[in-house]
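Contents: one structure, followed by commentary.
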Amino acid sequence: MDEVLLPDIGVTVPPEGLLIGEAAAVCGLSVDTLRYYERESLTLHPAPRSASGRRHYGADDLAWLGGLVMLRQTGMPIADIRRYAALARRPGTDAERLRLLEQHRHEVITRMEQTRKHLDAIDRKITSYRKVVGPQES
């Protein structure tokens, strides 16, 4: 699979791209975090720079960053994201990327199940307190 499926960022990017501050804001990142992602080789490629040295991020860059944000928000470790990015730069790594994403999916589901159990316990505790205290306004 040559195409990399990424989340829609929901922003129209001008042909010249967005500057680092704008790109970071669109993706919900700080400028420092975006620079960190670049230093750690989490991006597919370095952002192109203007003659004055300013980074410019195109729609594909922003879509990739949106994917990184999603992976981080679902708890994928930086080391795994780095591995995924390295694989995405190389053709013929579809099976490896699939395994990595399937493993991450399994871990996310496990955490969701654990969180559901914790939420059920909190709900039971709230119910028992309501029996003692009586109905309260939320």
Inset, instruction - Indicate yes or no: does Asp120 engage Arg124 in a salt bridge with an N to O separation below 4.0 Å. - result: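 Looking at Asp120 and Arg124, the cut-off is not met.
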Inset, instruction - Check the side chains of Ser50 and Arg54 for a donor-acceptor pair under 3.5 angstrom, ignoring hydrogens and angles. - result: no
Hydrophobic clusters here meaning ILVMFWY residues chained together by side-chain heavy-atom distances under 4.5 Å, can you tell me if [X] and [Y] are in one?
X: Tyr57; Y: Met70; value: yes
X: Leu42; Y: Ile20; value: yes
X: Leu19; Y: Val26; value: no
X: Leu71; Y: Val108; value: no

Flag side-chain contact, heavy atom, 4.5 Å: [X] against [Y]:
X: His104; Y: Asp80; value: no
X: Thr33; Y: Cys27; value: no
X: Thr127; Y: Arg130; value: no

Could you tell me the separation between the [atom1] atom of [X] and the [atom2] atom of [Y], rounded to the nearest 0.5 Å?
X: Met76; Y: Leu100; atom1: CE; atom2: CG; answer: 4.5 Å
X: Met112; Y: Thr74; atom1: CE; atom2: OG1; answer: 11.0 Å
X: Ile126; Y: Asp123; atom1: CD1; atom2: CG; answer: 5.5 Å
X: Leu87; Y: Leu98; atom1: CG; atom2: CG; answer: 11.5 Å
X: Thr43; Y: Arg35; atom1: OG1; atom2: CZ; answer: 13.5 Å
X: Thr110; Y: Gln114; atom1: OG1; atom2: CD; answer: 8.5 Å

Inset, instruction - Please say whether more than 12 non-hydrogen atoms of neighbouring residues, nucleotides or ligands are located less than 6.0 Å from CZ in Arg111. - result: yes
Inset, instruction - Just do the side-chain contact (heavy atoms from CB on, under 4.5 Å) check on Ile81 and Tyr37 with the steps written out, would you? - result: CA-CA 10 Å; Ile81 294 174; Tyr37 283 179; 6.0 Å; no
Smallest separation among heavy atoms of [X] and [Y], with atom names:
X: Pro48; Y: Asp61; value: CD-OD2, 4.3 Å
X: Ala85; Y: Ser41; value: CB-O, 3.8 Å
X: Leu44; Y: Ala88; value: CD2-CB, 3.6 Å

Legend entry - Side-chain donor or acceptor of Glu96 paired with backbone N/O of Thr93 under 3.5 Å: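 No: the side chain of Glu96 does not pair with the backbone of Thr93.
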Legend entry - Criterion salt bridge (charged side-chain N to carboxylate O under 4.0 Å, His left out) against Glu38, the qualifying member of Arg82, Arg55, Arg49: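 That would be Arg55; it is the only one of Arg82, Arg55, Arg49 passing the salt bridge (charged side-chain N to carboxylate O under 4.0 Å, His left out) with Glu38.
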Inset, instruction - Show the numbers, then the answer: is there a side-chain contact (heavy atoms from CB on, under 4.5 Å) between Asp94 and Arg97? - result: CA-CA 5 Å; Asp94 296 338; Arg97 286 184 271 169; 2.8 Å; yes
